[in-house]
Every structure is written in C-alpha cells, then in structure tokens.
Protein chains: 2
Amino acid sequence: MKRNTWQKEAVRSALGDAGGFVSAQALHASLRESGSTIALATVYRALTGLTDEGEADSLQQEGEVLYRACTPGTHHHHLICRRCGTTVEIEAQPVEEWARRTAAEHGFTRAEHVVDIFGVCARCSDLVDRASRP
Amino acid sequence: MKRNTWQKEAVRSALGDAGGFVSAQALHASLRESGSTIALATVYRALTGLTDEGEADSLQQEGEVLYRACTPGTHHHHLICRRCGTTVEIEAQPVEEWARRTAAEHGFTRAEHVVDIFGVCARCSDLVDRASRP
DNA sequence: CGGCTTACTGAGAACCGTTGTCAAAACCAT
DNA sequence: ATGGTTTTGACAACGGTTCTCAGTAAGCCG
Ligand SMILES: [Zn+2]
Ligand SMILES: [Zn+2]
Ligand SMILES: [Zn+2]
Ligand SMILES: [Zn+2]
C-alpha cells in the first residue's frame, strides 16, 4: 500500500510554489534552505512518483531533467522562460492535428510529440533591457 | 587556425552513413568496428564541432545526446523512429508561425522552439506486427 | 624537403546528474 | 501499542560527457 509522508507532501508543495520548471537539485536546495532535512534521493523519488501519476511534467534541458507541477489530465505544451523558469501552459489544436497528420503521412505509428517554446519572459526581458542601458 | 584531420572526416562520414540520430558512443563503437582507432573523446569533440558549424543537429533523449547530419542552413524539424533512429526532416510553416505568435502574445522575446515527433517508422511497425503474430 | 608552431589527439581521470543499496525509521491496519 | 511493510537517508555506484596533459601531426614558411 502507498503511504503518505511529510517528505512527499513537502516536494509536491515546493514544486507547486516554484511555479515553473525546476531541477531536482534546485528543489532540494530550496527545501533545505527553508529548514527541511529531506534527502536528495527522496526528492528524486517523489518527483518520479508525481510524474508517473501525471501530477508533474518533465523535460530535459542541458543534460538535466526539469519538473513542473502541471494541470493533471490535460495534454498541453509549454512556453518557458530560459532565465527564470516561469512557465505558461499552452494548448494548440492546430499543432496536435499537424503532428498527427505528419506522422501518418510518413507511415509512422505510435507517434508522440515534443513541442515547447523557450524564450525570455516579459519581466526578464525588462530586467535585461534595463541592465544594458545606462 | 583550424586543421583537417582524418578523425574529423571519419566522424563526419560515419554520421552521414548513419542516416538517423545516433549517440556519440554508438558512433564511436561503429567506427571502431570498421577498424578505426579513433578515441571516444575525439568523437565527442568532432560532433560538438559539427553541431556548432551547423552541419549536424542534436537532441536529448533519455539522458543522452543524439546527433544527425542534417541539411545545413535550413530550419526544420524531425520525425524520428524510436526503434531504429531513422529520421525524416520536416518543414512546417504553420507551426513556425504559431510559435512566433504564441511567444509574442505572452510577451516572450528571443523565442526558440523544440518541435519533434517520435514514432515507429513503417518498416519497424511492420517488423513488430510480424513478430507479435504467429 | 625539413623545421617550427601550435592545434589536435588519445588515454585516463574527473565531473555531474541520477539511480541503486541497505539498515534504520516511520506509516498505518489491526 | 504492535508488527508487517513501505519509505527514508546516507553513501556508493553508474553512465554519459568533459577535462587534463603529454605526445602527435597539420600546415606554414624558408
Ligand atoms: Zn523570466
Ligand atoms: Zn500536443
Ligand atoms: Zn524504424
Ligand atoms: Zn521550427
């Protein structure tokens, strides 16, 4: 039987607070900073669990896996700030259809797709602009 | 000054022969099998170089980076067989526009996008079907 | 051609994110 | 409370990639 522990809850909650995509290590660090004694391996295990249960999405960037608390049960994509990780969930029916059609046209079966947009969010763009101007 | 070595040429050629996405380690293994004495680190260095010069595309899958010799100078996406790595380059103007518009709508700047379709190619689908049928 | 500079290579160590191991802790049905 | 079982924490191990550095060899110049 699956058990509930404060560690799992702490990870779920910290992931929610993060707002955007974060790495397991970053999440672990922020938990420790707020006084938690949770172990790194436990954070990894909790994140894997959340992902399996559909409560979190994950993606790979620069050799590490990033996680985010996402709306469960919905197929969606992401618009992610490269600077601060802030993320917007986006749906795009046209893209879904295009993907399905393209795969079929080339005889591919069991097709999945990866569609993500990386950019610099409004707030971060602002900060960059300000910094580069005297 | 940049120099030409048989090692770089060997990697370029092997990558071309591969046809689809392959890992640095797989490429190294296949080079050794065909008698080459090239070192693994050199394969990594050559692939990094080819990627920087736009002669190869790369993507991450399951914790490793895969490379492919791609049409240089063109923006395109990929339809990739999960089983054999066979890859088709695809262009999708509607998706390009959608990505640009979506980023702009949310105030994101310097937007890039990742759009790839993973599936099982016709040949591999065939093999799977045959195998699962008596 | 032969020498010289300097980029490149090979071998292995180091690195880093992640997963495995196992004894100790803690959850929870009874 | 008790006991069977899951989960945790500390640390070792792992796998892909990068770094280090001494030795090799491109390619320029005479
Ligand atoms: Zn931002
Ligand atoms: Zn989709
Ligand atoms: Zn295939
Ligand atoms: Zn595109």
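All values reported here derive from a predicted model rather than from experimental measurement.
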A:Ser125 side chain to B:Thr109 side chain, donor-acceptor N/O pair below 3.5 angstrom:
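Result is yes, a qualifying pair exists.
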Whole angstrom is fine here: how far is it from [atom1] in [X] over to [atom2] in [N]?
{"X": "B:Ile38", "N": "C:dC8", "atom1": "CD1", "atom2": "C1'", "result": "11 Å"}
{"X": "B:Tyr44", "N": "C:dG12", "atom1": "OH", "atom2": "P", "result": "17 Å"}
{"X": "B:Gln7", "N": "D:dG23", "atom1": "CD", "atom2": "C1'", "result": "13 Å"}
{"X": "B:Asn4", "N": "C:dT9", "atom1": "CG", "atom2": "C1'", "result": "15 Å"}
{"X": "B:Glu9", "N": "D:dA25", "atom1": "CD", "atom2": "P", "result": "18 Å"}
{"X": "B:Leu31", "N": "C:dT9", "atom1": "CG", "atom2": "P", "result": "13 Å"}
{"X": "A:His28", "N": "D:dT8", "atom1": "NE2", "atom2": "P", "result": "13 Å"}
{"X": "A:Glu64", "N": "D:dT18", "atom1": "CD", "atom2": "P", "result": "14 Å"}

Could a donor-acceptor pair under 3.5 angstrom be found where the side chain of B:Arg45 meets the base of C:dG10?
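It does, because a donor-acceptor pair links the side chain of B:Arg45 to the base of C:dG10 below 3.5 Å.
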Find which nucleotide of DNA chain C each of A:Leu40 and B:Thr37 is nearest to by heavy atoms, and output the residue with the more 5' nucleotide.
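The 5'-side residue here is B:Thr37.
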Relative to each other, are the rings of A:His77 and A:His113 parallel, tilted or perpendicular (30° and 60° limits)?
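Correct class here is tilted.
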What's the shortest heavy-atom distance between A:Ala18 and A:Val22, and which atoms?
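The answer is CB-CG1, 3.9 Å.
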Please determine if a side-chain N or O atom of B:Thr42 lies less than 4.0 Å away from the OP1 or OP2 oxygen of C:dT9.
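For C:dT9, neither OP1 nor OP2 has a side-chain N or O of B:Thr42 closer than 4.0 Å.
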Give a yes or no on this: more than 12 heavy atoms of other residues, nucleotides or ligands lie within 6.0 Å of atom CD of A:Glu62.
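Counting other residues, nucleotides and ligands, CD of A:Glu62 stays at 12 neighbours or fewer.
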Return whichever of B:Arg3 or B:Glu62 has its heavy-atom-nearest nucleotide of DNA chain D closer to the 5' end.
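Nearer the 5' end of the strand: B:Glu62.
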Starting from the 5' end of DNA chain D, give me the residue, B:Ala24 or B:Met1, whose nearest nucleotide shows up first.
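Here B:Ala24 is the residue nearer the 5' end.
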